[in-house]
Asks: 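Before we start, here is the structure in question, set down as structure tokens.
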2 protein chains.
Amino acid sequence: MGFTKDINRRATPFQAIVSYYFIAIAISFVLLRLPGVHKPGVHLSLLDSLFTAVSAVSVTGLTVMNISETYSVFGIVMLLLILQLGAIGIMSLGTFVWLLVGKKIGMRERQLIMVDHNQYKISGVVHLIKEIVKILITIELVGAAVLTLYFIQYFDNFQEALLHGIFGSISATTNGGFDITGLSLLPFHRDYFVQVINMLLITLGAIGFPVLIELKTFLSNKNRNFRFSLFTKITTATYGALFLFGTFVILIIESFQAFRGMSWHEAFFSAMFHSVSARSAGLTTLDVTKLSEATDIFMSFLMFIGASPSSVGGGIRTTTFAIAILFLINFARGKEEIQVFNREIHIIDVYRSYVVIILAVAMVLVATMILLITEPNATLIQIIFEITSAFGTCGMSLGLTEHLSPIGKVIMMLLMFIGRVGLISFLYSIGGKGKKTKYHYPKERVIIG
Amino acid sequence: MGFTKDINRRATPFQAIVSYYFIAIAISFVLLRLPGVHKPGVHLSLLDSLFTAVSAVSVTGLTVMNISETYSVFGIVMLLLILQLGAIGIMSLGTFVWLLVGKKIGMRERQLIMVDHNQYKISGVVHLIKEIVKILITIELVGAAVLTLYFIQYFDNFQEALLHGIFGSISATTNGGFDITGLSLLPFHRDYFVQVINMLLITLGAIGFPVLIELKTFLSNKNRNFRFSLFTKITTATYGALFLFGTFVILIIESFQAFRGMSWHEAFFSAMFHSVSARSAGLTTLDVTKLSEATDIFMSFLMFIGASPSSVGGGIRTTTFAIAILFLINFARGKEEIQVFNREIHIIDVYRSYVVIILAVAMVLVATMILLITEPNATLIQIIFEITSAFGTCGMSLGLTEHLSPIGKVIMMLLMFIGRVGLISFLYSIGGKGKKTKYHYPKERVIIG
Ligand SMILES: [K+]
Ligand SMILES: [K+]
């Protein structure tokens with residue numbers, strides 16, 4: 001642990017986070033090269049194993065080959081394990097291990113966890129990590145139990161139902177989106193119960209751990225003065241609003257395209273499911289290549305925004321999007337302060353949202369140009385869809401990822417990595433420490449847009 | 001003029017600007033429906049005439065039909081007249097007319113002009129407008145003289161050389177980009193003199209009138225304490241940097257594509273010319289449909305940024321882009337104030353750049369989705385290229401505009417209009433007056449990206 005300690009002491013917390021993610025990918029890579037991981041006769045290149053490792057640690061689920069044809073049962077168990085690690089978060093798991101061995105968490109480690117989950121209060125971090133793991137496993141167990149009982153009608157024996165129940169629950173809750181059958185949820189395109197359970201599990205994983213913890217505190221009714229944080233209010237409202245908006249837009253566009261011939265309820269559930277899933281899960285109940293290009297672009301937008309901070313999702317995150325929208329509305333109204341839910345948004349958070357959005361747009365633009373050159377057989381819509389899917393750690397695909405060139409694979413790995421780490425952490429990690437300006441120049445106005 | 005006065009008194013300056021542009025389009029529309037404007041036997045729909053009017057007033061140059069087959073010489077003269085009006089700007093021309101008839105310019109009119117050209121000093125507005133017209137016409141005359149003398153070698157007689165000299169000069173200086181021959185500058189793809197003259201004229205039109213005026217003051221050496229404004233420094237530096245960057249990227253991408261087989265100097269000039277032209281002129285020396293998709297996307301990015309404020313160009317403008325970049329760099333460095341050229345950027349200008357960029361990206365996204373639905377035969381790259389070309393009032397085309405559906409035409413007109421007016425003016429005009437916040441809520445941090 002000398003190396004780790006050294007990182008902790010020297011680097012900024014953000015640099016340490018990025019380093020830890022690197023280490024997690026390295027460990028996952030080793031796990032995926034263990035003997036017996038592949039099916040007999042399958043040989044995977046090192047680059048492809050690395051791609052799978054990055055995709056699994058970042059809970060994205062994009063793959064360069066067919067999982068069921070490549071990995072043995074042991075390999076799939078390894079993948080599920082990596083997904084679980086990715087979902088819980090390297091930092092919280094590390095803390096959990098420390099807790100198990102009875103080690104006290106020092107200030108420095110607390111800070112690290114704090115940064116990873118973007119919490120601003122230092123107290124209660126140990127408690128927090130315990131809660132994260134407890135909540136996640138509870139959700140997964142309940143999900144697995146419900147799905148297993150329901151799946152008994154579909155399968156020959158209890159073992160198979162249990163296997164699919166457990167896999168389905170972990171896949172949905174971690175928003176992993178890995179497709180081990182090659183069918184995702186297509187067999188359930190008319191089973192609304194399975195879809196509702198999946199949407200619930202996806203949402204619980206993507207809504208952000210702070211929301212779950214606050215919700216639990218609220219429901220347990222221990223604290224009479226309990227108040228939901230501004231973060232919880234904003235992210236939940238945004239998550240919900242984008243869910244409704246996404247359902248509405250997909251339904252409108254596809255009513256005369258892919259949903260033609262469907263009953264109204266099947267169309268409605270298809271729209272709802274893909275509105276939820278595009279935000280980070282990547283599960284599908286239909287062949288997404290059948291959707292129209294307008295929907296592809298719209299879903300790219302949803303994937304680009306992604307899920308809540310401190311959740312299993314990626315993208316620019318709900319709060320970034322919400323603050324941008326609130327800022328716009330306020331600016332148009334000529335107000336100076338952004339007021340929402342009886343609170344004021346701190347100006348530094350407006351700055352951060354600006355930085356994240358500009359960088360994310362620039363990244364998508366540059367990645368698009370590179371892939372247009374390295375993937376001559378791909379269409380622009382495929383490239384944009386695949387890029388936003390990687391950045392939003394969603395994992396939906398129009399089929400391009402399987403045919404990527406080596407450079408294309410590297411670009412996609414970078415996008416998944418940055419999408420998972422978060423642009424702000426990534427930026428700070430390459431930037432270094434803040435310096436205070438020592439002197440001031442006269443201010444001068446310029447002409448804008 | 002009762003209507004105009006009424007607008008002036010009631011509306012905010014921004015609303016008045018937008019109203020004036022509306023009136024200019026209406027007048028242009030009427031001019032383009034005059035008898036004798038079309039060639040014999042040509043019948044143009046009202047929508048198509050309106051499209052041409054919007055395209056000409058906004059100095060974009062996108063057309064839904066072949067200009068040379070549709071308009072008579074009289075019609076083309078009308079088009080040049082509208083271009084000229086569009087370039088000088090409705091407000092400055094209006095002021096010029098007032099000057100001619102000896103009417104004093106009131107405070108209200110001064111404010112209007114001030115807003116149109118984004119000048120923050122009220123004094124010297126009359127002088128400013130005089131200067132704008134004087135400078136523009138001087139540039140056009142010099143350009144026309146140089147081109148005419150040079151064209152004598154190409155044409156049978158002086159009259160023809162003169163005609164092409166005048167048209168070429170106005171087309172380049174106003175950044176009009178209208179193609180009355182169907183060939184743009186393709187015949188001159190190896191005539192570097194014509195290309196250099198065109199690039200110079202384009203740049204003089206697109207660099208912004210304040211820059212030209214300051215340059216003139218500086219060169220005339222009347223004022224010993226003269227200092228270039230921060231605006232001039234930023235916009236010139238950005239314009240130049242993007243020119244070099246654009247040349248470099250286009251050259252790199254196309255060396256193995258469209259420029260293959262060209263001499264190094266022809267490739268170099270092709271890259272330079274299209275780097276300059278994409279920013280607002282829209283003139284071309286080669287068939288742009290031959291460029292690779294990576295270049296298409298990159299040129300869409302250049303068109304999206306556009307030219308300087310207070311120039312004949314559109315887009316988000318150089319200063320918006322520059323401030324976003326400066327803000328990013330500062331944020332990564334952990335500095336609070338943006339310092340550049342020994343001056344500090346005002347925070348309100350950072351806010352404005354945020355608003356303009358977010359709105360512009362949202363606009364392109366929504367327009368893309370609409371056109372994907374209304375133009376089923378268009379590719380995504382065509383749609384993005386055409387949309388950014390309209391918003392940047394550039395006028396380059398991959399061929400889609402000629403085949404647009406009526407809804408597509410309306411969307412493109414809106415984009416040209418907003419691109420010309422500028423998003424900030426447009427936003428203020430629909431927003432209303434600013435209100436001061438009366439009370440404060442407690443500030444609370446949230447988690448960002
Ligand atoms: K995923
Ligand atoms: K133009």
Side-chain angles (χ1 to χ4, degrees), chain A residues 118 120 230-231 234 253 293-294 297-298 301 309-310 316-317 319-320 323-324 327-328 331-337 339 342-344 346 349 351-359 361 365 368-369 372-373 380-381 422-424 427 431 433-435 437 440-449, chain B residues 118 120 230-231 234 253 293-294 297-298 301 309-310 316-317 319-320 324 327-328 331-337 339 342-346 349 351-359 361 365 368-369 372-373 380-381 422-424 427 431 433-435 437 440-449:
Chain A
N118 290 313
Y120 290 101
L230 182 60
F231 164 72
I234 288 182
I253 299 176
E293 295 202 346
I297 285 288
F298 180 69
F301 163 74
S310 303
I316 62 168
R317 323 281 202 230
T319 45
T320 308
I323 287 183
F327 178 74
L328 277 190
F331 190 85
R333 282 188 184 162
K335 280 187 181 180
E336 271 180 34
E337 292 84 12
Q339 297 175 342
N342 297 342
R343 284 290 179 280
E344 255 177 44
H346 202 288
D349 288 332
Y351 294 166
R352 286 182 165 206
S353 71
Y354 191 8
V355 168
V356 168
I357 289 174
I358 297 287
L359 279 184
V361 170
L365 186 71
T368 300
M369 279 180 58
L372 277 173
I373 293 169
L380 179 60
I381 192 87
L423 263 168
I424 279 286
L427 186 73
K433 295 206 170 181
K435 300 159 224 156
T437 312
H440 286 267
Y441 287 118
K443 283 197 175 68
E444 183 173 341
R445 299 292 306 269
V446 297
I447 314 173
I448 293 286
Chain B
N118 289 314
Y120 291 100
L230 182 62
F231 165 71
I234 288 182
I253 299 176
E293 294 201 348
I297 284 288
F298 180 70
F301 163 73
S310 301
I316 62 167
R317 323 282 201 230
T319 46
T320 308
F327 177 75
L328 277 191
F331 190 85
R333 282 187 185 163
K335 279 186 181 182
E336 271 182 32
E337 291 83 14
Q339 297 175 342
N342 297 342
R343 285 288 180 282
E344 255 178 43
I345 301 286
H346 203 289
D349 288 332
Y351 294 166
R352 283 181 168 209
S353 71
Y354 190 9
V355 169
V356 169
I357 289 174
I358 296 287
L359 278 184
V361 169
L365 185 72
T368 300
M369 279 179 59
L372 277 174
I373 294 169
L380 179 60
I381 193 87
L423 262 170
I424 279 286
L427 185 72
K433 297 206 170 181
K435 297 161 227 157
T437 312
H440 287 266
Y441 287 119
K443 283 197 175 67
E444 185 174 340
R445 300 291 307 270
V446 296
I447 314 173
I448 294 287

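Chain naming here is simple, since letters A, B, ... match the order of the sequence lines and numbering starts at 1 in each.
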Asks: Tell me every residue that passes side-chain contact (heavy atoms from CB on, under 4.5 Å) with Leu380(A), counting only those two or more places apart in sequence or in another chain.
Replies: Thr368(A), Leu372(A), Ile384(A), Glu293(B), Ile297(B), Leu380(B), Ile381(B), Ile384(B)
Asks: Is chain B contacted by the side chain of Phe327(A), its backbone, both, or neither, given a heavy-atom distance below 4.5 Å?
Replies: side chain
Asks: Which value, rounded to the nearest 0.5 Å, describes the distance between Phe331(B) atom CZ and Arg352(A) atom CZ?
Replies: 5.5 Å
Asks: Under 4.5 Å heavy-atom distance to chain B, tell me which part of Tyr354(A) shows up: side chain, backbone, both or neither.
Replies: both
Asks: Taking all heavy atoms of Ile358(B) and all of Leu328(A), pick out the closest pair and write down the distance.
Replies: CG2-CD1, 3.6 Å
Asks: Who are the side-chain contact (heavy atoms from CB on, under 4.5 Å) partners of Ile373(B), not counting sequence neighbours?
Replies: Ile253(A), Ala294(A)
